[in-house]
Structure formats: C-alpha cells, structure tokens
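What follows is one structure encoded as structure tokens, with my remarks underneath.
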Amino acid sequence: MMKTKEEQKKVFQELLVPELPALFRTALRMTRNREDAEDLVQEAVTKAFAAFDRFEEGTNFRAWIFKILTNTFINNYYRLRDRQKAPSLEEMEDETSFQPSFEGVTPEEALLNTLTREDILRAIESLPLEFRAVVVLTLVEGFSYKETAEILDIPIGTVMSRLHRGRKLLQKLLWEYSTRKTDMEKENEKGWTAKTL
Amino acid sequence: MDCKDLVEKLYFYLDGEVLSEEERRAIEEHLALCRKCCERYEFERLLWDMVRHNGQNDHVPEALIARIEGVIAQF
C-alpha cells in the first residue's frame, strides 16, 4: 500500500537520524571545511528524500545515503582548486625521505604514543580524494569493501588497491608527524640542558 | 602459512573481510607461533583502531540538526 507523505517522512527520519553523525564527519573529511560540510549534508538529505520513493525498504539505507553524499560532494563541492592543491602521488609516496629513528622504545611504540587526534585527522585530510574516500568509508565508517565499491561506483579490486595505497600513505604521514615531534622534543631538551648548565 | 602469506592476508583479517574458515585458522595459528608477525599485527591493529576511533569523534552541530529538521518539515 502506498505510504502518505507524512508516513514517508517518518520512516525517512527514523532511518536518517542515527546516520547523521557519520554523514557529518564524512562530509567534514571530504570538504575539510565545517561550513561546506553542513551544506553538503543538507543537500544530500534533500536529494535523498526526493529519491526516497525509489529506496527499497529493508535494503541498506546507510550505503544508499552515503552514495548520495559522496556523489553530491564530487559533483558540487570537489572544485578545481581542490584538485590543483592536492600534492602529486609521487610526492606523497616518495619513501626515500623518511627514516624513523627512536631511542629506548620501538618506532611503533613511539608512533602510537605520540599521535594525537589532530595528527590523524590532518593525515586523513591530506590524502588525495580517491584514497581519502576509500580510507574514510572502510577504515573509519566500517563499510565492507563491497559496500564501498557500490557507494563509490568502482570495482572492488579498485577499492582494495586504493585502500592498500591509502593505508601506506596515511602511515607514512603519521610516521613523519611523529618523527618531527620526537625530534622537536629532543631539540627542546638540548636547549634546556644548555641553558641550565 | 608463512610470514609472506600472512602479510598478504593481514589487512583482510583486520578489516573483517570474508576469509575462509581455513584461512582464518591458519592466520591465527601463525600469529600464535611467530613473534615478529604477532608484533606487526598488534601494531597494525592498534594503529587502525586509533584511526577509526579518532575519525569517528566529531559531534554534529546543533545548528545542523535544526537545519535538517527544518528541511524535512518542508518536504
């Protein structure tokens, strides 16, 4: 039986509300800007409701609305200036510049101990969009590889290869932030010792 | 399963992606016996847990909730 508009609204709202936090933070990681993120979520919600009569009840609402969000982002928000600003992959994947060295603890322990939320968000937001989208959907939001492929309309093999490279890039950035911090601490200690002696 | 096989399968295992029961058991057996792989696994698990946990820690602004409610009311 056909639902009335009010009934449709109610079902839509019940499905949407639990997803709002995830939609908002994904929009934030994509746009890297709170104002744009809020506009993007609003636009995606409006489009989703307009298309809601084509949504099959009982299927994956979460994946469906994330698909609308990512498509809206790519069509309306991913402007040319963002593409130009993104560093080239070669620049990001150059591994020769990075050699972690730590004293007393393993490099891995040092990394885990020094990382902050700001480092993690900065690293995610520095990734080129194709890697960022896959990393956010699978590693942060917990979508399966198959769901991510459907959301982004790409083959599952592409999801896996982007995820693999995205992880490597993210780890490289996090190592760099951590090494920089450890080096700065060492410098500060040296300065302090020199002054007090 | 050797260390090379484990590295290849590790992310599938961490991401909860479908592996056969046999593969899953082989990974767990290898992790129980190989210290190097076990350390690598622990590091990767903690790192990606941190990424997920911190990545999920944004609050939706009240203003956005109000905007969305307003939009839905107008439908």
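Letters A, B, ... are given to chains in the order of the sequence lines, protein chains preceding strands, and every chain is numbered from 1.
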Hydrophobic cluster membership, A:F24 vs A:V17, 4.5 Å side-chain cutoff
no
Considering all heavy atoms, the nearest A:L170-B:W48 contact
CD2-CZ3, 3.4 Å
Is A:L112 close to chain B through its backbone or its side chain, or both, or neither, when contacts mean heavy atoms under 4.5 Å?
both
When rounded to the nearest 0.5 angstrom, what is the spacing between CZ in A:F143 and CG in B:D15?
14.5 Å
Verify same cluster id: B:I72, B:I65 (apolar side-chain graph, 4.5 Å):
yes
Roughly how far apart are B:E17 CD and A:I156 CD1, rounded to 0.5 Å?
6.5 Å
Is B:L46 reachable from B:L31 through a run of I, L, V, M, F, W or Y residues, each pair having side-chain heavy atoms under 4.5 Å apart?
yes
Non-hydrogen atoms of chain B under 4.5 Å away: do they reach the side chain of A:L163, the backbone, both or neither?
side chain
If you define the side chain from C-beta out and look only at heavy atoms, does anything of A:M160 sit under 4.5 Å from B:F12?
yes
Any donor and acceptor pair, going by atom type alone, linking the side chain of B:Q56 with main-chain N or O of A:E141 inside 3.5 Å?
no
When rounded to the nearest 0.5 angstrom, what is the spacing between CD in A:E35 and CG in B:L64?
12.5 Å
Residue selection (most heavy-atom pairs with chain B, distance under 4.5 Å) from A:L121, A:L139, A:V135
A:L139
Looking at every heavy atom in both A:I120 and B:V51, which two are closest together, and how far apart are they?
CG2-CA, 4.0 Å
Taking every non-hydrogen atom, the tightest pair across B:F43 and A:Q171
CE2-OE1, 4.3 Å
May I ask you to decide if the ring planes of A:F49 and B:F75 are parallel, tilted or perpendicular, using 30° and 60° as cut-offs?
parallel
Turns out that what part of A:D39 lies under 4.5 Å from chain B's heavy atoms comes down to both
Heavy-atom closest pair, residues B:P61 and A:R34:
CG-NH2, 4.2 Å
Can A:L16 be reached from A:V11 by stepping across I, L, V, M, F, W or Y side chains whose heavy atoms are under 4.5 Å apart?
yes
Can you list the steps and then say if A:R29 with B:D58 is a side chain to side chain contact (heavy atoms under 4.5 Å, CB included)?
CA-CA 10 Å; A:R29 300 289 97 76; B:D58 293 283; 2.9 Å; yes
Gap between atom CD of A:E108 and atom CZ of B:R40 - 0.5 Å precision
9.5 Å
In terms of heavy-atom pairs under 4.5 Å, which option from A:T138, A:V41, A:L174 contacts chain B the most?
A:V41
Is it the side chain or the backbone of B:H53 that comes within 4.5 Å of chain A heavy atoms, both, or neither?
neither
Among B:L14, B:V71, B:I68, B:V18, which residue forms the greatest number of heavy-atom pairs with chain A at distances under 4.5 Å?
B:I68
Please check this pair: side chain of A:R117 against backbone of B:N54, looking for a donor-acceptor N/O pair closer than 3.5 Å.
yes
Count I, L, V, M, F, W, Y as connected when their side-chain heavy atoms are under 4.5 Å apart, and connections chain through other members. Are B:V7 and B:L47 then in the same cluster?
no
